[in-house]
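Here the structure is a predicted model, which is why all the values come from computation and not from measurement.
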Amino acid sequence: MSIEQLIKILTPPGTPVFVPTEADWLAVEAEVGTALPIDYKHFISTFGPVYIDQFLYIYDPFVKNQYLNFIKASKVQSDVLRELRDDWQEEIPYPIFSESGGLLACGRDDNGNSVFWRTIGTPDQWTIVVNEGRAPEYEEFPIGLTQFLRGILTKEIRCRIYPRGFPSGQPRAYEVREEK
């Protein structure tokens with residue numbers, strides 16, 4: 001799905017302060033250790049760091065905020081899942097990135113739920129998995145990130161982990177302002 005289809009549902013909050021170049025993306029991918037989906041790169045380049053409908057954040061590798069920075073937050077999420085699996089014997093029904101096909105965090109919401117890519121195949125084939133923050137419940141969606149966002153925001157897709165009030169009738173994207 002193209003970013004243009006998502007923009008029909010969710011208007012970007014303005015021109016992003018920083019629009020990454022191909023070199024910027026290559027540096028991010030080198031640090032993470034994998035290429036990233038094109039739709040994600042288009043989302044970040046179009047929206048920048050945003051708070052979707054006062055509930056959902058998609059991690060952005062170019063923000064300073066450690067809780068919203070893709071590189072830092074995805075590493076923390078992988079470490080947390082490994083600790084739950086290895087130290088607490090919680091059943092994690094998926095491998096964890098950088099394991100083959102592992103979950104790689106790409107967002108979170110205000111309830112502590114995480115949005116992951118399931119990294120099977122090429123990055124543009126990755127699907128979405130949502131994990132309930134306070135329970136070992138996972139829900140998988142066999143689509144990419146922008147298609148997932150569009151489906152959730154139009155209510156064509158229902159994620160049982162998300163509260164009934166999300167999304168609102170008129171979803172908005174709010175710019176996340178960085179501390180100076």
Minimum heavy-atom separation for Pro136 to Glu90, with atom names?
-> CB-OE2, 3.6 Å

Tell me, do Ile3 and Thr146 make a side-chain contact under 4.5 Å, heavy atoms counted?
-> yes

Carboxylate-amine/guanidinium proximity below 4.0 Å for Arg160 and Glu137 = yes

Parallel, tilted or perpendicular for Phe43 and Phe47, by the 30°/60° rule?
-> parallel

d(Glu132 CD, Cys159 SG) to nearest 0.5 Å is 9.0 Å

Tyr40 and Trp25 aromatic ring geometry - parallel, tilted or perpendicular at 30°/60° bounds = perpendicular

Look at atom CD of Glu31 and say whether more than 12 heavy atoms of other residues, nucleotides or ligands are closer to it than 6.0 Å.
-> no

How would you list, by chain and number, every residue that makes a ring pair (Phe, Tyr, Trp, His ring centres under 6.0 Å) with Tyr51, sequence neighbours excluded?
-> Tyr57

Those residues at least two apart in sequence (or on a different chain) that pass side-chain hydrogen bond (donor to acceptor under 3.5 Å, both in side chains) with Ser168 are Asp53

Same cluster (ILVMFWY, side-chain, under 4.5 Å), Val76 and Leu81 = yes

Treating Ile, Leu, Val, Met, Phe, Trp and Tyr as nodes and any side-chain heavy-atom pair under 4.5 angstrom as an edge, say whether Ile157 and Val129 lie in one connected cluster.
-> no

What orientation do Trp117 and Phe70 show, parallel under 30°, tilted 30 to 60°, or perpendicular over 60°?
-> perpendicular

Verify the cluster assignment for Ile161 and Tyr138: are they in a single hydrophobic cluster under the rule of side-chain heavy atoms below 4.5 Å apart?
-> no

Residue pair Val63, Val176: steps toward the side-chain contact (heavy atoms from CB on, under 4.5 Å) verdict = CA-CA 9 Å; Val63 298; Val176 174; over 6 Å; no

Minimum heavy-atom distance between Arg108 and Leu68, given as atom pair plus value | NH2-CD2, 3.8 Å

Could you walk me through whether Glu99 and Arg85 pass the salt bridge (charged side-chain N to carboxylate O under 4.0 Å, His left out) test, one step at a time?
-> CA-CA 14 Å; Glu99 299 164 9; Arg85 180 188 67 192; 3.0 Å; yes

How many angstroms lie between atom CG of Leu84 and atom CD of Glu91, to the nearest 0.5 angstrom?
-> 12.5 Å

What's the shortest heavy-atom distance between Gly102 and Thr119, and which atoms?
-> O-OG1, 2.6 Å

Output, in order, the C-alpha distance, side-chain angles, deciding distance and verdict of side-chain contact (heavy atoms from CB on, under 4.5 Å) for Tyr59 and Val115.
-> CA-CA 10 Å; Tyr59 296 142; Val115 179; over 6 Å; no

Counting N and O atoms only, with roles assigned by atom type, does the side chain of Arg134 sit under 3.5 Å from a partner on the main chain of Asn111, one being a donor and the other an acceptor?
-> yes

Under the ring pair (Phe, Tyr, Trp, His ring centres under 6.0 Å) test, which residues partner Phe141, sequence neighbours left out?
-> Phe148

Are the side chains of Cys106 and Ser74 in touch, meaning some heavy atoms are under 4.5 Å apart?
-> no

Presence of salt bridge, Lys41 and Glu29, under 4.0 angstrom | yes

Output for pair (Leu153 CG, Gln170 CD), nearest 0.5 Å, gives 12.0 Å

Test ring pair (Phe, Tyr, Trp, His ring centres under 6.0 Å) applied to Tyr174 - qualifying residues, sequence neighbours left out | none

If you take all heavy atoms of Ile7 and Pro12, which pair is closest and at what distance?
-> CG2-CD, 4.0 Å

Salt bridge check: are Glu4 and Arg150 linked by an N-O gap of less than 4.0 Å?
-> no

Under a single-linkage definition using a 4.5 Å side-chain heavy-atom cutoff for Ile, Leu, Val, Met, Phe, Trp and Tyr, are Ile96 and Leu104 assigned to the same hydrophobic cluster?
-> no

Donor-acceptor under 3.5 Å (Ser45 side chain, Val19 main chain) | no

Are Val80 and Phe116 in one and the same hydrophobic cluster, where Ile, Leu, Val, Met, Phe, Trp and Tyr link if side-chain heavy atoms are under 4.5 Å apart?
-> yes

How about Val32 and Ile71: do any of their side-chain heavy atoms sit closer than 4.5 Å?
-> yes

Grouping ILVMFWY residues whenever side-chain heavy atoms fall under 4.5 Å, the cluster of Tyr67 otherwise contains none

Flag side-chain contact, heavy atom, 4.5 Å: Leu145 against Pro37 = no

Would you name the heavy atoms of Gln125 and Gly121 that are closest together and state the gap between them?
-> OE1-CA, 3.3 Å

Flag side-chain contact, heavy atom, 4.5 Å: Leu103 against Arg118 = yes

How long is the gap from CG on Leu56 to CG on Leu149, to the nearest 0.5 Å?
-> 6.5 Å

What one should report as the nearest heavy-atom pair of Pro123 and Ala35 is CG-O, 3.5 Å

Mind checking the CD1-CD1 spacing from Ile152 to Ile128? Nearest 0.5 Å is all I need.
-> 10.0 Å

Would a 4.5 Å heavy-atom cut-off, applied to side chains only, mark Lys75 and Lys72 as touching?
-> no

For Asp109 and Tyr162, run side-chain contact (heavy atoms from CB on, under 4.5 Å): C-alpha distance rounded to whole Å, both residues' side-chain angles, the deciding distance at 0.1 Å, then the answer.
-> CA-CA 9 Å; Asp109 65 41; Tyr162 290 153; 3.1 Å; yes

Side-chain heavy atoms of Ile58 within contact of Ile52, under 4.5 Å = yes

Are more than 12 heavy atoms from other residues, nucleotides or ligands located less than 6.0 Å from atom CD of Glu156?
-> yes

Check: Val130 and Ser114 side chains under 4.5 Å, non-hydrogen atoms | no

Hey, mind stepping through Phe62 and Val28 against side-chain contact (heavy atoms from CB on, under 4.5 Å) and telling me if it holds?
-> CA-CA 9 Å; Phe62 306 106; Val28 168; 3.6 Å; yes

Sequence neighbours excluded, which residues qualify as side-chain hydrogen bond (donor to acceptor under 3.5 Å, both in side chains) partners of Gln54?
-> none

